[in-house]
A.B. asks: 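Here it is: the structure, laid out below.
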Amino acid sequence: MDHEIKLLPEHIVNQIKAGEVVESPATLLKEVIENSLDSDATKIEISISEDLTSNINIKDNGSGIDKKNVPLAFTRHATSKIYQFNDIYQLTSFGFRGEALASIASISDIKCRTTKNKKTTTAILEQGNIIKIDENDSKESPGTELNIQNIFHHTPARLKFIRSKNTEKNKINKIIDVFIVSNPQVTFIIQFGEKEKKYFPAITGDNPIIKRIIQLISSPRKKIKQDNIFSEKFEYQGHQIFFAANKSSSKGAGNKKQYLLANNRYFIDKKIHHLITRKMNDLYWQPGQFGDYFCFITVPPEMMDPNVHPSKTEIKFINIDYILSGISSILKNQKTSLRPAAVELNAHKKDNAEKS
């Protein structure tokens, strides 16, 4: 049967594309937080409804958006981050595709309130279309607030692919943790439903990353001290690695905070992860157990490609061997610097575990 070929309406195109960028509430939140950080925010407040999809509110004190740019902000492939393809390899920002807000708007209802140059613009969007936009004189400080409601309401089939509430909440917590630990200069305030807000005040002074790690992995029941954290640096040919880990370990990896970041961008790499866990089992962690680790990799922007996957959690490095060797060197040097008795004790524990 012959069928006439037609162009899809723009709103359907946006909804199809949204599946690549916004897979879940966690990826939605990731994109919006990145926009806040790209706008130089030093304070970010996040409120998430108990069901995770009816309401997500993000408020920042970033630079804000002019009224003329608000419609563009929710248009696909409109961005202030790059102007030509090669700019992707010189990125200093998180965002660059100009798809995130358009994708989010296509699968939700949004109220955007943003202040810049003593003007506050309020825009209301439904299915990606601005149905109302107003501008008023304002004495408010610069910043932007996004109230995102009815997530996936316009694409109900996608709701079926969202996992259990606990799984999705864990994914959200992981995304938030990444931004908290990699941006110690920013204050984060987090609230789920009606639960008590969690405050992560900005950290200044010496060792801000270590202090932030302690702030993040400590709990009311167990306060982590700086002596519990092992950290080391490595540098070679413009590639820098800062590695930090909790010396303590326990069974199961599910609740551990194990994060890889390249130029402060969260990514997933099984090879690097397995290298770290294997080496840490030889050092501090009990055989077969897991602990928290944070690996910050800094490379010249042109030496990595974040444009591999729509979620931007896969990164290709030109010199991946430098990174693998750097991590191995950090953990090998730490092993040789441990007291012989400590190394012998860990080896003894490992032998006993293998025998059992």
Side-chain angles (χ1 to χ4, degrees), residues 30 34 37-38 81-82 85-97 174-175 177-185 206-210 212-213 216 229-247 249 253 256-285 290-338 343 346:
K30 172 182 176 290
E34 287 181 346
L37 293 170
D38 282 342
K81 313 297 172 56
I82 64 172
F85 181 77
N86 286 341
D87 290 343
I88 291 175
Y89 302 101
Q90 297 291 333
L91 282 175
T92 57
S93 63
F94 287 107
F96 56 89
R97 290 197 182 101
K174 187 164 191 174
I175 290 296
D177 286 349
V178 167
F179 289 113
I180 289 174
V181 77
S182 60
N183 295 276
Q185 78 284 1
D206 297 333
N207 301 318
I209 292 290
I210 295 296
R212 184 68 114 184
I213 288 171
L216 187 62
I229 305 297
F230 150 61
S231 65
E232 192 58 76
K233 296 179 181 179
F234 173 88
E235 184 171 356
Y236 179 75
Q237 296 290 322
H239 290 59
Q240 301 174 7
I241 298 172
F242 175 73
F243 181 83
N246 188 352
K247 296 177 183 178
S249 63
K256 303 301 184 295
K257 300 184 188 301
Q258 301 175 336
Y259 302 132
L260 301 172
L261 297 103
N263 293 1
N264 269 5
R265 186 188 298 277
Y266 171 66
F267 73 102
I268 299 170
D269 189 298
K270 291 182 179 179
K271 192 171 185 179
I272 296 176
H273 169 72
H274 290 152
L275 172 65
I276 291 172
T277 53
R278 188 174 69 251
K279 295 287 186 180
M280 284 299 295
N281 279 132
D282 288 337
L283 278 172
Y284 294 110
W285 298 348
F290 300 88
D292 308 305
Y293 74 73
F294 305 82
C295 186
F296 297 84
I297 300 166
T298 304
V299 303
E302 67 273 15
M303 303 302 285
M304 62 177 250
D305 183 2
N307 192 32
V308 179
H309 189 273
S311 68
K312 293 179 284 189
T313 55
E314 295 180 26
I315 293 178
K316 285 187 176 180
F317 299 95
I318 291 179
N319 293 313
I320 183 64
D321 289 343
Y322 291 179
I323 294 168
L324 295 172
S325 296
I327 294 170
S328 293
S329 177
I330 285 173
L331 298 174
K332 181 179 179 181
N333 290 342
Q334 177 64 12
K335 184 172 183 177
T336 57
S337 68
L338 287 172
V343 175
N346 279 350

A.B. asks: What are the two closest heavy atoms between Ala262 and Ile315, and how far apart are they?
C.D. replies: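 The answer is CB-CD1, 3.8 Å.
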
A.B. asks: Do the non-hydrogen side-chain atoms of Ser231 and Phe242 ever get within less than 4.5 Å of each other?
C.D. replies: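 Answer yes - side chains close enough.
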
A.B. asks: Looking only at non-hydrogen atoms, find the nearest pair between Asn263 and Thr298 and report the distance.
C.D. replies: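 Smallest heavy-atom distance, with atoms named: OD1-CA, 3.3 Å.
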
A.B. asks: Just do the side-chain contact (heavy atoms from CB on, under 4.5 Å) check on Asn319 and His239 with the steps written out, would you?
C.D. replies: CA-CA 9 Å; Asn319 293 313; His239 290 59; 3.7 Å; yes

A.B. asks: Taking all non-hydrogen atoms of both residues into account, name the closest pair between Ser328 and Lys279 and its distance.
C.D. replies: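 Here Ser328 and Lys279 meet closest at OG-CE, 4.1 Å.
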
A.B. asks: Between the main-chain N or O of Asn246 and the side-chain N or O of Trp285, is there a donor-acceptor pair closer than 3.5 Å?
C.D. replies: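 Yes, because the side chain of Trp285 sits within donor-acceptor range (under 3.5 Å) of the backbone of Asn246.
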
A.B. asks: Keeping Ser329 on the side-chain end and Ser325 on the backbone end, is there a donor-acceptor pair under 3.5 Å?
C.D. replies: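 No, Ser329 side chain to Ser325 backbone: no donor-acceptor pair under 3.5 Å.
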
A.B. asks: Which of these, Lys257, His273, Lys256, sits in a side-chain hydrogen bond (donor to acceptor under 3.5 Å, both in side chains) with Tyr293?
C.D. replies: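 It is His273; the other options fail the test.
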
A.B. asks: Mark yes or no for whether Asp269, through its side chain, and Ile272, through its backbone, hold a donor-acceptor pair below 3.5 Å.
C.D. replies: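 Yes, the answer is positive, given that a donor and an acceptor are paired below the 3.5 Å cut-off.
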
A.B. asks: Should Phe290 and Met280 count as side-chain neighbours, where that means a heavy-atom distance under 4.5 Å?
C.D. replies: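 They are not in side-chain contact.
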
A.B. asks: Shortest non-hydrogen contact from Phe296 to Ile209?
C.D. replies: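 Closest heavy-atom pair between Phe296 and Ile209: CE1-CG2, 3.7 Å.
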
A.B. asks: Counting only N and O atoms by type, is there a donor-acceptor contact under 3.5 Å from the side chain of Glu314 to the main-chain atoms of Ile268?
C.D. replies: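 Pair absent, no side-chain N/O of Glu314 close to backbone of Ile268.
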
A.B. asks: Hey, is the main chain of Ile180 close enough, under 3.5 Å, to the side chain of Arg212 for a donor-acceptor pair?
C.D. replies: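 Answer holds: yes.
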
